[in-house]
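Just so it is clear, the structure is predicted and the values come from calculations on it, not from any experiment. Indexing begins at 1, ligand by ligand and atom by atom, following the structure's order.
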Amino acid sequence: MPKYHIFTIGCQMNQAEAERLGSLMELKGFSGVEKPEDADLVLLVSCAVRQSAEERIINRLAVLNKLKQDRPGLKVALTGCMVDEDPSAMRRTYPMVDYFFGAGQMPDFLDEIPPMILPGKPGVTAFVPIIQGCDNFCSYCIVPYRRGRERSRTLEELQAELTELVSRGVREVTLLGQNVNAWGHDLPGQPDLADLLTSLSRQEGLLRLRFLTNHPKDMSERLMRSLAELDKVCPAVNLPVQAGDDRVLELMRRGYTAGEYLDLVKRLRQAVPGLALTTDIIVGFPGETEAQFQNTRSLMEQVRFDAVHLAVYSPRPGTEAAEKYPDDVPRDQKSRRLAELERLQARIAGEINAALTGETVEVLVENQNRGRWRGRDIRGKLVFFESRMELSGRLVNVRITDTGPWSLRGEIVEGGA
Ligand code: SAH
Ligand code: SF4
């Protein structure tokens with residue numbers, strides 16, 4: 001039996017993509033192996049959002065190049081955000097790669113396989129991409145260049161995939177896209193994400209629905225209402241702000257001011273009681289002064305996010321920011337700003353979570369790790385607890401006893417399972 005190995009880095013879209021490719025390979029009669037040394041085909045799902053991610057893939061490719069000298073039969077396929085529209089230039093730069101295919105596209109050596117059939121056993125939770133690409137062109141971001149324009153998958157296709165997943169034991173689904181709340185604008189009749197959530201939440205056997213990521217400019221009142229009204233839709237929103245300073249936001253081309261973002265958060269929290277809010281932030285954007293950085297810090301203090309994905313600005317060739325503005329914030333300042341926000345967020349998340357001590361939360365149990373069960377509550381908080389019962393895929397009540405910034409610990413409540 002031929003063997004494949006998949007290496008993935010980057011966002012949840014890539015994780016979902018790796019799962020899809022794994023399924024396709026198995027349908028093709030390949031079996032998965034842990035080490036590239038044992039494989040006949042190595043698939044790399046790449047990320048180009050930051051230079052450091054790209055470098056990890058380039059290092060991998062160098063290792064594979066060596067491996068190919070000993071094993072000329074080994075084939076290498078590259079997909080994800082490093083693949084652009086000009087394969088001939090890519091072929092010259094990466095001669096060790098046998099196949100290139102764009103993010104979310106079908107590799108031509110596997111083409112006749114329908115994407116919906118999923119062999120193997122999925123877990124309790126699954127990712128489902130609903131929209132590919134991005135139309136926003138934030139000035140720092142490579143994604144629109146590498147993933148192309150927004151393309152929504154149809155409601156029928158998504159419904160069928162959901163039914164299939166649930167029949168295989170999936171209980172929680174996270175809908176994915178670079179900008180999920182733009183879903184549907186390119187489909188006949190222009191349905192929106194609220195329509196999609198309404199339809200999908202009718203699926204019997206499905207317990208929870210989540211979605212990632214939302215652009216603040218597309219966060220509609222309708223979507224807020226469906227978050228509040230649809231039982232299965234979890235009160236958890238990732239709303240990337242990127243910066244808390246108006247001038248920086250303008251140069252980033254985010255399309256809102258800090259004040260507008262704060263107002264949106266206020267409306268969202270009013271509409272959805274108990275909402276968990278997470279965000280993405282970049283420090284060290286070109287020209288970012290200390291005072292502008294402090295505005296980001298102050299926004300974090302005002303909003304008090306449940307979690308923040310922090311990144312240091314990395315110029316991406318071809319993007320507006322990389323072409324127009326020098327990357328002039330010194331590296332030590334970037335690191336200091338990052339560390340300062342990391343400390344701030346650890347304190348805030350620690351305080352938010354500490355307030356949950358003594359509360360009983362409903363946990364969807366995912367899996368067991370070294371004797372401890374692991375799951376999440378509806379807000380997406382990670383919860384660990386001990387039990388000798390087999391609980392995977394079940395909803396249990398857990399009373400929180402210990403908390404930290406990144407997770408909660410508790411005890412299963414009698415009769416809760
Ligand atoms: N669509 C999402 C984000 C996709 S990229 C959004 O609108 O926010 C994921 C995250 O990577 C971004 O939120 C941003 O924080 C980070 N990122 C993107 N480009 C970057 C760059 N050039 N340098 C550093 N971080 C970047
Ligand atoms: Fe990149 Fe902006 Fe699109 Fe997010 S919305 S993927 S940051 S261009």
Side-chain angles (χ1 to χ4, degrees), residues 9-17 45-56 80-82 103-104 127 129-152 174-183 185 193 211-219 237-245 248-256 261 264 277-288 293 296 299-300 305 307-329 331 334-335 337-338 341-342 345:
I9 57 171
C11 64
Q12 287 96 345
M13 289 289 270
N14 275 8
Q15 270 180 53
E17 178 72 351
V45 187
S46 67
C47 172
V49 159
R50 283 179 285 278
Q51 196 184 337
S52 53
E54 209 165 84
E55 278 162 5
R56 283 182 62 197
C81 279
M82 271 172 73
F127 290 124
I130 61 168
I131 179 167
Q132 298 280 353
C134 182
D135 291 356
N136 286 324
F137 289 92
C138 302
S139 66
Y140 51 82
C141 185
I142 193 86
V143 170
Y145 301 91
R146 297 297 168 79
R147 297 204 174 224
R149 295 298 73 73
E150 287 167 1
R151 297 170 310 279
S152 303
T174 303
L175 308 177
L176 293 180
Q178 296 303 337
N179 184 11
V180 273
N181 44 20
W183 181 83
H185 72 88
L193 183 59
F211 50 94
L212 291 170
T213 296
N214 299 278
H215 195 293
K217 75 169 172 41
D218 294 318
M219 191 78 217
V237 169
N238 180 240
L239 197 64
V241 66
Q242 308 299 0
D245 179 84
V248 174
L249 285 168
E250 192 185 331
L251 294 176
M252 286 179 161
R253 291 202 189 277
R254 290 293 290 180
Y256 51 83
Y261 183 88
L264 176 61
L277 196 62
T278 59
T279 201
D280 295 11
I281 286 176
I282 298 174
V283 297
F285 186 81
E288 184 187 69
F293 164 71
T296 297
L299 182 134
M300 273 174 67
F305 294 102
V308 179
H309 311 115
L310 289 160
V312 166
Y313 172 72
S314 166
R316 307 288 47 228
T319 61
E320 186 190 352
E323 303 303 319
K324 278 189 19 195
Y325 316 122
D327 180 19
D328 56 0
V329 178
R331 202 192 288 184
K334 282 182 174 169
S335 321
R337 289 176 191 180
L338 179 73
L341 296 190
E342 277 170 350
Q345 183 53 29

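- Listing protein N, O or S atoms at distances below 2.8 Å from atom 1 (Fe) of ligand 2, with waters left out, gives Cys141 SG.
- Residue-level proximity to ligand 1 for Ile282 is carried by the side chain, the only part with a heavy atom below 4.0 angstrom.
- Contact annotation: for Arg316 versus ligand 1, heavy atoms closer than 4.0 Å belong to the side chain alone.
- Remark: Asp280 engages no residue in a salt bridge (Lys or Arg N to Asp or Glu O under 4.0 Å) (not counting sequence neighbours).
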Under 3.5 Å, which donor-acceptor pairs link side chains of residues 314-323 to any protein atom two or more places apart or in another chain?
| unit_1 | atom_1 | unit_2 | atom_2 | d |
| --- | --- | --- | --- | --- |
| Ser314 | OG | Gln51 | N | 2.9 |
| Arg316 | NH1 | Ala48 | O | 2.7 |
| Arg316 | NH1 | Glu54 | OE2 | 3.3 |
| Thr319 | OG1 | Arg316 | O | 2.7 |
| Thr319 | OG1 | Ala322 | N | 3.4 |
| Glu320 | OE1 | Arg253 | NE | 2.6 |
| Glu320 | OE2 | Arg253 | NE | 3.3 |
| Glu320 | OE2 | Arg253 | NH2 | 2.9 |
| Glu320 | OE2 | Lys324 | NZ | 2.9 |
| Glu323 | OE2 | Gly318 | N | 2.7 |

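- With a 4.0 Å heavy-atom cut-off, ligand 1 is reached by no atom of Gln12.
- Contacts with ligand 1 closer than 4.0 Å are made by heavy atoms of both the backbone and the side chain of Ser314.
- With a 4.0 Å heavy-atom cut-off, ligand 2 is reached by no atom of Arg253.
- With sequence neighbours excluded, the residues that form a side chain to side chain donor-acceptor pair (under 3.5 Å) with Glu250 are Arg247.
- Taking a cutoff of 4.0 Å between a charged side-chain nitrogen and a carboxylate oxygen, Glu288 and Arg337 qualify as a salt bridge.
- Contacts with ligand 1 closer than 4.0 Å are made by no heavy atom of His309, backbone or side chain.
- Contacts of Ile142 with ligand 1, taken as heavy-atom pairs under 4.0 Å, are absent altogether.
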